[in-house]
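Reading through the structure tokens given below for one structure.
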Amino acid sequence: MDPMESFGEEVRRLTNEALAKLGVEAQLEIDVGPADMADFAIPCFPLAKKLRKAPAAIAEDIAAAVVPSDRISKVWAANGYLNFKINEALLASLTMKAVLSEKELYGTGERKPQKVLLEHTSVNPTGPIHVGRARNPLIGDTLCRCLRRAGYDVTTEYYVNDVGKQVVLLAWGIMNVPESEVPPADRDKTDHMLVGYYRKANERMESDPAVVKQISDMLVKFEAGDPATAEQVGETAERMLQGIRSSLERVSVNVDQYTWESKFIINGAAKEVVSKLKASPRCSEENGASYLELDELSRQGKSTKFFFTRSDGTTLYTTRDLAYHLDKFKRADVCINVLGEDQKLGMLHLVAALKIMGETKAPECVYYAFVSLPEGRMSTRKGVVVYLDDLLDEAEDLAMAEVRKRRTDLSEEKMYEIAKQIGPGAVRYNIIRVQAEKQLVFKWEDAINFEGNSAPFVQYAHARCSSILKRTGGYDRDADTSILTHDTEKRLIHVLSLFPGIVREAGEKRKIHLLPAYGHELASAFNQFYGSVPVLKSGEHEDARLCLVEATRWTLRNALETMGIAAPEEM
RNA sequence: GGACGAGUGGCCUAGCAUGGAUAUGGCAGCAGCCUCCUAAGCUGCAGGUCCGGGGUUCGAAUCCCCGCUCGUCCGCCA
């Protein structure tokens, strides 16, 4: 249930009534007012021209015509705005009742009929995940959690690029590079153990034409469906994926299904795409390679040709991705892809090709800019990288040091357990708190942050709530909340009431950075309340305040869960 | 060369779709707050040509045009 929703609706209803009474036909936009002034506000400026009257006078007229109701306690005009104050006692009781009865389900939207297929991560299985790409799983997983809470049926999928030179090269490296030539792995994990072979194979390929020949032979055999080669490559990708998967688990990222690119070669779907595209009048050939002339469907640049076969007739990456998308459309109503910004043009071509094939559905893409290092772009091949595993280790170490600094009463195990909740959470939060399209430069001191706008700040508020609730012997969960009239109490309740709306907006607009912003706002409102009034032993206020603390704890926990961040009971 | 995205106090960042009241937070800085539910906290102070220049408008961080800087792409790679 969304406690705030009915208040906004009421504002619209009352305003429309008043406008009808005045004989004015208009749809006005409802804003949230400045925090210390009004709850809702409607600018009357757009009406000025139509009514040939000053905005201030219009606002006065409408204000006089509005009849306040049980939900709206006050309506007034100011500076050309129509302001509304809501009935705080009613909001408080609705909000408290909603949170305390729905608990971990508070913020959940109505079940939606659409099935959503969300593709994310999909990094090439040629090395461990590095922070340049780590935005992908974190954005994808957070969006998935958010959409699920908003009521959608979501399945997440990782498209494994097991076809093509990169993975074949890695497989070649594992078979042909002697162990003695590979520097020892920095950790005992399959992805880290294998990446040395990948680098070495790249070096060999660059310097030795014989190696280039071997690899291209292998590639041809693989694409022709040679079982032995397919098994070698498949097993290599699987081993790499094992390591990647365990890194993802460390940051609570779950992937429901893995779909292998080779599937679309084996089952003939890619070939079907080729024959469909060849039927298009846009299709031409160049030395035996087929392409579509995209012209106005593409973007301007050096070329608007979209090749979908090589001269030898084999398919290209995007051709297979086309087959994958057709497959996805059969399984879902909405397809969302989380992609790096380097995929933008490719996706535009893919969408154009889908249209040419007569497909009416198109994927919806969320693009993110790369995280680079101060010295430039990350590269697994060149070894210019910061791995996600290393970042997580560092975050956990720093969290452990912080816990040790302030808790002398805990066992080593307990401290470690807390640190494991704090470190990865801090990393997740820092990545999802900024808009996906903003370019980031990775700096250790920014990547792990325990104060201010950070995960530990939100977690700490949760721990404080838990601590209070742990100390009480019990309380009346039906306590009268109308006595919560302190400024910090009213503010906290107001923020609590916003949660369902935030989840919906973040999900539907694909703007997950609203979630950390909300978490910070809620934690901050709680901290102000916590510092201003006592809860335990506060006499007649105690029960109502304990209810407020419990409601805050549920909402903080739900907000954290939606971000994939743990909610520690103590820290 | 072209296309797409980003540019907001010293640093990071929200707001931009749908123009509207004094531009949102955080970090760092300064001054305070632990006999009281965890100070990973709270309060206050200071800090702004919203990249630059034009334009539209009663009103522009937001819309349009021209530049600048950075990122990304423009392959019979994936």
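Every chain is numbered from 1 and lettered A, B, ... according to where its sequence line falls, protein lines coming before strand lines.
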Protein N or O to nucleotides 22-24 of chain B N or O, pairs below 3.5 Å:
none

Task: Options B:G1, B:A78, B:C76, nucleotide nearest the side-chain atoms of A:K302 - done: B:G1
For nucleotides 14-18 of chain B, list the nitrogen or oxygen atoms of the protein found under 3.5 Å from its nitrogen or oxygen atoms, one pair per line.
residue, atom, partner, partner atom, Å
B:A14, OP1, A:Q435, N, 3.1
B:A14, OP2, A:K438, NZ, 2.4
B:G15, OP1, A:H513, NE2, 3.1
B:G15, OP2, A:Q435, NE2, 2.3
B:A17, N6, A:K509, NZ, 2.9
B:A17, N1, A:K509, NZ, 3.2

Open item on the list: Listing request: all salt bridge (Lys or Arg N to Asp or Glu O under 4.0 Å) pairs with a residue in residues 438-461 of chain A, at least two apart in sequence or in separate chains.
Closed with: none
Open item on the list: What I want to find out is whether A:K344 reaches A:E341 closely enough, with some N-O distance under 4.0 Å, to be called a salt bridge.
Closed with: no
- [ ] May I have the distance from A:E542 (atom CD) to B:C36 (atom C1'), rounded to whole angstrom?
- [x] 14 Å
Task: Residues in contact with RNA chain B, drawn from residues 529-537 of chain A - heavy-atom cutoff 4.0 Å - done: A:Y530, A:V533, A:P534, A:V535, A:L536
In a table with atom names and distances, give each donor-acceptor pair under 3.5 Å that connects a side chain of residues 516-523 of chain A to protein atoms at least two apart or in another chain.
residue, atom, partner, partner atom, Å
A:Y518, OH, A:V495, O, 2.6
A:E521, OE2, A:R491, NH2, 2.8

- [ ] Name every residue in residues 368-378 of chain A that has at least one heavy atom under 4.0 Å from any atom of RNA chain B, in order of residue number, or write none if there are no such residues.
- [x] A:F370, A:R377
Task: Pairing partner of B:C50 (Watson-Crick or G-U wobble, both distances under 3.5 Å) - done: none
Open item on the list: Using the side chain to side chain contact (heavy atoms under 4.5 Å, CB included) criterion, which residues pair with A:L194? Sequence neighbours excluded.
Closed with: A:I174, A:R239, A:M240
Task: Nearest-neighbour nucleotide for the A:S303 side chain, B:C74, B:A78, B:A39 considered - done: B:C74
Task: Contact state string [nucleotides 58-67 of chain B, B base, S sugar-phosphate only, - no protein heavy atom under 4.0 Å] - done: ----------
Task: Interatomic distance where NZ belongs to A:K305 and P belongs to B:A3 [whole Å] - done: 20 Å
Open item on the list: Suppose the criterion is salt bridge (Lys or Arg N to Asp or Glu O under 4.0 Å): which pairs have a residue in residues 419-431 of chain A, not counting sequence neighbours?
Closed with: A:D141-A:R428
TODO: Can you tell me the distance, in whole Å, between the CD atom of A:Q343 and the C1' atom of B:G5?
DONE: 15 Å
Task: Given B:G41, B:A21, B:G26, the nucleotide with the shortest approach to the side chain of A:N527 - done: B:G41
Open item on the list: My understanding is that only residues two or more places apart in sequence, or in another chain, count here; which of them pass side chain to side chain contact (heavy atoms under 4.5 Å, CB included) with A:R407?
Closed with: A:V403, A:D409, A:L410, A:E570
Open item on the list: Can you see if the side chain of A:R310 gets near the phosphate of B:A78 - specifically, an N or O under 4.0 Å from OP1 or OP2?
Closed with: yes
Donor-acceptor list for residues 312-321 of chain A side chains, cut-off 3.5 Å, not counting sequence neighbours:
residue, atom, partner, partner atom, Å
A:D312, OD1, A:T314, N, 3.0
A:D312, OD1, A:T314, OG1, 2.7
A:T314, OG1, A:R310, NH1, 2.9
A:T315, OG1, A:R320, NH1, 3.3
A:T319, OG1, A:F308, O, 2.8
A:T319, OG1, A:L316, N, 3.2
A:T319, OG1, A:L316, O, 3.2
A:R320, NE, A:E261, OE2, 2.5
A:R320, NH1, A:T315, O, 2.9
A:R320, NH2, A:E261, OE2, 2.9
A:D321, OD1, A:H325, ND1, 3.4

Open item on the list: Show me the pairs that pass salt bridge (Lys or Arg N to Asp or Glu O under 4.0 Å) and involve residues 525-549 of chain A, at least two apart or across chains.
Closed with: A:E489-A:R545
